[in-house]
Amino acid sequence: MSFSRVFLGLFCLLVAILLLAPTLVVIPMSFNGNKSLAFPPVGFTWAWYENFLTNPDWTTSFTNSLVIALIVAVAATVIGTLAAFGVTRAASRTGGLLRALLITPMVVPGVVLAIGIYAVYLDAHLVGTVAGFALAHTMLAIPFVLIAVQASLEVFDRRLETAAASLGAGRLTVFRTVTLPLILPGILSGALFAFITSFDEIIVALFITSPYLKTLPVQIYSSITRDADPTVAAVGTLLFLATSLIIIAGLLFGMRRGRT
Amino acid sequence: MNAPQRSAGAAIEIRQASKRYGAFVALRDIDLHIRPGEFMTLLGPSGSGKTTTLNLIAGFTDISSGALDIGGKSVTGLPSHKRNIGVVFQHYALFPHMTVGKNVAYPLSLRGIRGDDRERRVKRALDMVKMADFAHRYPNELSGGQQQRVALARALVFDPPLLLMDEPLGALDKKLREWLQLEIKRIHRELGTTFVYVTHDQEEALVLSDRIAVFNGGRIEQIGTGRELYDNPATLFVGRFIGESTVLRGASEIVNGDTVMTVGGDKIVAHGRLDGDASPVILLRPERVALKRPGSDAVSGENRLSGTVAEAIYLGSGSKYEVKLKDGTIAVVRAPLGAADFAIGDAVDLTFTPADLTLLPDDASADTTLT
């Protein structure tokens, strides 16, 4: 009994190390004194962080990614939420079909989509534009919002809407005061997924990028293939810290809500 | 008085109303008139149309044909949020993201009532259901009975002229249910609001209602006070649904204007005869029967049925017997305290007068729809 517990604990630890190791290796590499992506690192320097914050190649690609991801988060959340309502409240067979159709961007290999998008964008002059990136990434992000919001809607008790109507609330008021607050956790997690989907998307980005508009993943990729200096490790470390903070904040927020 | 102000209850007039879902007919041509301030219960088994009727009044579904007036005005096409009707649901339907106080304030906010006035009315409504101490709790911190009391306060806080309740006590245990029945009765008396109450529990209907409408298969079988339904059921279904009863069947003939039925070889006389040519059955209430030992002195004009005690249950306030008659029918008999005791296997005679019997047309659906 206690032996199996110890064994299970050790096993979990092993899995955790396996999952975390590649991420954690990046941290010491980002302080490498030599201009090479090597492990274990030699010496210590902040220079790669300085490079990330001052070199325009890095700063503009970071800003581009941030702007595009924010647009995508908003657009995909609105469209995906509306789609989730449609799918949940349609007749069950129609809903199932629609849902299968709407999540295809998740299932189809990224490179197939990328080729299709690239071909269309060449004609439409959308290659290397913010609008082009936002459009393509919104398409990729909608399924994540759809799934997150649909999960919330499925546990949402529609009878509460009937009750609110009986108390005098019109349809918009019902949505604003009852439905929206109760499915908000699903919408927020959908928005977060949409943001991340766009922020770290590389395959489509590689196709529709141009020398004038690069996103952060594209910049990381070209830096690796060209200079292979530890700036990418510094970027990786910063992103790791940022996502950890977001997730911890999310967990704390969830715990606070769970208590009330 | 702590309760919301007495409001004039609304009358409800339903004429020739039907409700169809595709090929399925949920309601067929029902007529129902509910008086202002009345406590009307819609009673029936599941699928009988009682909840459909409630949903029509509430505006949750549209009428397929017929007319529905509330407070003298037609409400056809009026959405539920404009009908100003309080509704209490079996599943409470409290908003989980709002405190008890916010839940009760909700209909007032929608009506533009704010500040002190709103606070005062919320408190008054919560006082009425004895939940004022719980205003800052969330619904998931309350028991089922407490949640339903909050739901009642929320449905009444805006002084609607009409309150609809859909099996509000269905999810609660027996003790709590009985206590809340009395609370609902008291609140109805204090407010003067018209209450329409849906239940499948005939005892609950008898406790609460001024009048009861008995539903079966999308129709109303009978409307009347509890006493009228119990003493003079119009149909076999009503007779069997309200209270306990034994149904006697057998070959019958008319002798001197009275019906004589042969049940397992014994002849039973019931006053009068049925109109038309439906075959009659006799409905016998358990407390109208006296058990006697076979061969004991007969009283003139008395009916006698012989049988064997199949089950004897001591209830404290009396005893209940199940007696197997010669034709196999199980008759239910309630004996008051002090009556002679019988044991399982005893041969007994059931005795009752012709006036204790109700003669009704036979109706096979009364058996199949009772579950």
Side-chain angles (χ1 to χ4, degrees), chain A residues 77 81 84-85 88-95 145 148-192 249-260, chain B residues 51 54-55 57-61 78-100 102-113 125 136-141 147-148 150-160 162-166 168 196:
Chain A
T77 302
T81 300
F85 269 94
T88 314
R89 299 193 172 175
S92 64
R93 266 189 67 186
T94 327
V145 178
V149 177
Q150 204 193 354
S152 290
L153 275 177
E154 252 146 36
V155 296
F156 171 73
D157 185 354
R158 282 205 74 184
R159 298 176 299 190
L160 294 177
E161 294 182 338
T162 312
S166 80
L167 294 168
R171 291 185 67 166
L172 265 180
T173 312
V174 171
F175 180 77
R176 190 171 49 78
T177 57
V178 177
T179 318
L180 186 62
L182 287 170
I183 62 166
L184 196 60
I187 293 180
L188 288 180
S189 77
L192 191 64
L251 285 177
L252 289 176
F253 180 68
M255 270 162 62
R256 202 171 56 87
R257 272 186 78 98
R259 232 179 297 139
T260 56
Chain B
T51 297
L54 194 87
N55 287 340
I57 300 173
F60 299 148
T61 49
L78 197 66
S80 58
H81 69 272
K82 290 187 177 151
R83 292 198 182 186
N84 202 35
I85 296 173
V87 186
V88 176
F89 303 87
Q90 179 176 5
H91 49 88
Y92 323 132
L94 295 179
F95 305 129
H97 59 301
M98 299 182 193
T99 60
V100 164
K102 291 259 168 60
N103 263 283
V104 178
Y106 186 82
L108 297 177
S109 306
L110 293 173
R111 287 164 175 76
I113 299 166
H136 298 289
R137 301 276 195 94
Y138 280 87
N140 65 6
E141 299 170 311
Q147 290 190 51
Q148 198 55 298
V150 174
L152 186 60
R154 187 179 66 175
L156 285 170
V157 70
F158 55 101
D159 296 334
L162 172 60
L163 180 75
L164 308 178
M165 305 177 94
D166 188 4
V196 180

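Letters go in sequence order (proteins before strands), and every chain restarts at 1. The figures here come from the full heavy-atom set of this structure, side chains too, leaving out hydrogens, waters and symmetry mates.
Contacts between Leu94(B) and chain A at a heavy-atom distance below 4.5 Å involve the backbone alone (N, CA, C, O). Using a 4.5 Å cut-off between heavy atoms, Leu110(B) touches chain A through its side chain atoms alone. Heavy atoms of Arg137(B) lying under 4.5 Å from chain A are absent altogether.
A cation-pi geometry, defined here as NZ or CZ lying under 6.0 Å from the six-membered ring centre and within 45° of its normal, holds between Arg111(B) and Phe158(B).
By the 6.0 Å contact criterion, CZ on Arg93(A) is open, its count of non-hydrogen atoms from other residues, nucleotides or ligands being 12 or less.
Side chains of Phe60(B) and Asp166(B) form no contact here, defined as non-hydrogen atoms less than 4.5 Å apart.
Here the OG1 atom belonging to Thr99(B) is positioned 7.5 Å from the NE2 atom belonging to His136(B), to the nearest 0.5 angstrom.
In terms of non-hydrogen atom pairs under 4.5 Å with chain A, the most contact-rich of Ala151(B), Pro79(B), Pro96(B), Ser109(B) is Pro96(B).
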